[in-house]
K.L.:
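Here's a structure for you.
A note on names: the letters A, B, ... follow the listed sequences, proteins ahead of strands, and every chain is numbered from 1. Below, all heavy atoms of this structure are taken into account, side chains as well, without hydrogens, waters or symmetry copies.
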Amino acid sequence: MIRRYSHIFGASLVAIVSLTLYSAPVVADDELDCIMCHKYRGLSRIDEDGEFRLFYINQELFNSGPHRRNQCKDCHNDIDRIPHKPAVKVDCAQQCHIVEPSGEKRFTHESIAETLARSAHGKLDAEGNPKPFQEDYPDCKDCHDQPFYRPVSVDKGTIHPGVSERAVTRCKSCHKNGDFAEDFYEHVTSRLRKTRFPMETIENCAKCHQDPEFRERHELDDVVTSYKQTFHGKLIALGSEKTADCLDCHVVAGENTHLIESQSEPASAVYKTNVPATCGTEGCHTQAGPYLAGFQTHVTYDREKYPMQFYMLIFFKGLIAVVLYFFLALIFFELLRRLFPNFTFIREKR
Amino acid sequence: MNLFKRIVFKLYVLILMGFTVWYGMFMYPLIFGFEGKEEAALSLQELGDGVAADEEMFARLIEEQEHTSRTDLGFKVIEQPYIEGRFHHIGFSVQKDQTSMCVRCHGNIPHDKSVELRSFMNMHAFYLACETCHMPPEEGQPDHEFRWYDKDSGKLVPNPRALHDIEESYRTAARIYPTYGNYGAKIAPGIEENGSFRLLHGKKDMLFVERYISEQGRLTPEKKSQMERVIHRGVSEKPIECKYCHNDQDQFLPFAKLGYPPQWTTELTNSSVVGMIEKYKEFYIPSFLTPGIDEGAD
Amino acid sequence: MSRYEPIIYKDGKRYFYRFSVHQRVQHVILFSMVLLLAITGFPLRHAEEPWAKPLYDFMGGTDLAPLIHRAAGTVLLGLFVYHTIYWIVLFIRNDLGQLKAHGQLNFKTGIKAFFSQEMVPNMRDFHDIVDAWKYLLYFTNRPPRHERMSWREKFDYFAPYWGVPILGPAGVLLWWHDEVTHFIPGIVLNAAYIMHTDEALLAVLFLFFVHWYNVHYAPEKFPAATVWLTGYLTEDEMIHEHYSEYLRVMTEHGLEDEIRPQHFGGQEYEL
């Protein structure tokens, strides 16, 4: 919102610099001047359930993502004055004031909400009845915080993160006005790759799927821990972006990331017959043989479910323990022997 | 020399024996690591089993550790405190007040009475010591002097540099977003005596509060009331009101002296802030202004 | 073998032959590859630990470190094959050759010769282990006496000689996971994964403590033994670790009069 108007300030500065040099604060641009208070880091309270509520808005970070062209009121449409009562929870599926340029309609996240509703994460089952443990099913905000742009650039054939000044300069030779070129550049290039670093995606799924109580309620394995034991998980933990995170394998082919189905659904990307195709996705295991699908990804070393792994693990752990603790004991006693070299229970003659 | 050599030898052997034992303990989780994880999960489960909702809430609040979230944009990494359910980003961590005797009991977010004002109060508590508003000078006494003190060490510090950065941001049209309120320091009142300045709340008062907290367990309820009354001595029935500072005539806080640059001072005393206070005066509930002694002392 | 004198003298001190240059070079290749494999492998095994990422980045990050790991693994696997050919050639040329020269080569003597190779465990080792524990637990004042290769050295030898054929092929399967799944079921990769990671843990824990104790930490070795560079043991080391061999070699060279009494790790003991 600030960026959107800063060009106006720029223009007015040039025009009436002598008159209003000090009267054009960059910050006051929304109708209610929300930022007048919300720019203070300490604007906060503790709510009735003991939760810490912080109302601070970091303008710099707010302006680093796709929502920067929205005004506060576009989402928080219940606020009409200040000081205001506690705000109502934002409904992401509502229409905002941004006009969607391809269809000239007002923008909304409604279609995403619809996709989510028919996925494994939807609150209703196939017959339209509420699934048990309703409060466990996610809303937008359970997975998403304020999104950031993650632009990429291609310079001299190398791809690297960040905005390419060279590219933006080219855009700006025609699109001179304001920040349109920067906005558009970041909007498009952020979609050329994942909008989140894989580790963040994994931590996000882990918020529920690693919670033992949650898993018990829904009879789910600890898929996050078992995933982190795979090469996929380990390489991502070491900073790779080239290997598969949760979404790469679990999103239904050809759909957006919000359509994740249970592995028991035939449409699911991880349904038995779909696994080879999922592994062979472009950029992944394209050369793989059909048997790669037989590799077990989420191994929990449960004796009933994964007997081979369980017994191999027991064998190796036993082997390691026996060999090493034997030698550790040997060395310990050898050192002890050196402390009292002349002592012995039975003295032998030469 | 021979004796010395033998002592060194035995010492080395003893150290190696220690190392062997350490290695044995070091290896254990590496070899049997998967059991530890399951045990941890089980113990967590036990914590959550069969307790009432409020007990669970209490247990969770106590157990919960502050942790950070990390967002990697490729060209920069944003690390910030994680707050459950929060949509907007914070971007940086704050320096907590380690030296205020009030914060020791009332915490950093003490205000919660007035629905309309509590967040504003807490916002001010971020850079104003409690005694600034809650312990104004009594009738007939000389005005307080005000200085900034470091939240970490409690020592007096010069006026924060950040105040100038904010002023700079008014003067330029560039995208500069200064940090408001997070100066690592707070304004606190004090008394100028014989040419030297001392804070109203000094180290001595803090020690007194620490002692009270550590011995609370063995005090009788009557004693506790006595002590609390003494600790809260000087806390006024009528705290400083918004308009005392946010007016264009005569401000309670000497903005200029505290390092507030001119344009920002004007903003605080003249235009939108005062306007807001005036415009929404119906929210201003005088009954909220009960003595600080009751405020959050529960 | 005849190139090396069993006993040499330098600065008036006696040194006893152990390893040829050929073997020493193999050892250098072995340990440098193992260390390389460990520092490019363990950050992956413990990817969640705070030290993992800096170390992995230092080793070239997720793009380069796996290549280093695979290259080092290939060299090590090559060394394993080479070493196997090496001892088979030695065995045929020396042991069987000797028997043949004396006209005694048959199936029975051949098998016997196989089991009397210096790195192959035998009954004597069992007795030596019992002797060692008797001494360590103060049941005797007579330290164990070892021949040319003690049972502990045989363990040191078989740690990599058993480890590499477990780790290597498993590593190869994991490396060529796409290609091999045209022929073998995916669950074999699960097995290979467990074999590779757990055997690696055994190898590294053993190396860093047991082997390094034997050659680095032990009071008489600290800070490091030199036999891997020189190929020769000092007389003290010989007496401590290979007293049986010491007695034999000294006798063979007519030095009975100069045989020194046994001691344990540099400490004289009283009989």
K.L.:
For C/Lys134, does the NZ atom sit with more than 12 other heavy atoms under 6.0 Å from it, leaving out its own atoms?
P.N.:
no
K.L.:
More than 12 heavy atoms of other residues, nucleotides or ligands under 6.0 Å from CZ of C/Phe126: yes or no?
P.N.:
no
K.L.:
Are side-chain heavy atoms of C/Phe222 and B/Leu16 found at a separation under 4.5 Å?
P.N.:
no
K.L.:
To check you understand the geometry: which heavy-atom pair defines the closest contact between B/Tyr12 and C/Ala218, and what is its length?
P.N.:
CE2-C, 4.3 Å
K.L.:
To the nearest 0.5 Å, what is the distance between CG (B/Leu30) and CG (C/Asp198)?
P.N.:
11.0 Å
K.L.:
Taking atom CZ of B/Arg211 as the centre, report whether more than 12 heavy atoms of other residues, nucleotides or ligands fall under 6.0 Å from it.
P.N.:
no
K.L.:
Does any heavy atom of chain B fall under 4.5 Å from the side chain of C/Val210, the backbone, both, or neither of them?
P.N.:
neither
K.L.:
Counting only non-hydrogen atoms closer than 4.5 Å, does C/Leu205 touch chain B with its backbone (N, CA, C, O), its side chain (CB onward), both, or neither?
P.N.:
both
K.L.:
Among C/Tyr217, C/Phe208, C/Phe209, C/Trp212, which one satisfies ring-ring contact (aromatic ring centres under 6.0 Å, His included) with B/Tyr23?
P.N.:
C/Phe209
K.L.:
Would you find more than 12 non-hydrogen atoms of other residues, nucleotides or ligands less than 6.0 Å from B/Phe75 atom CZ?
P.N.:
yes
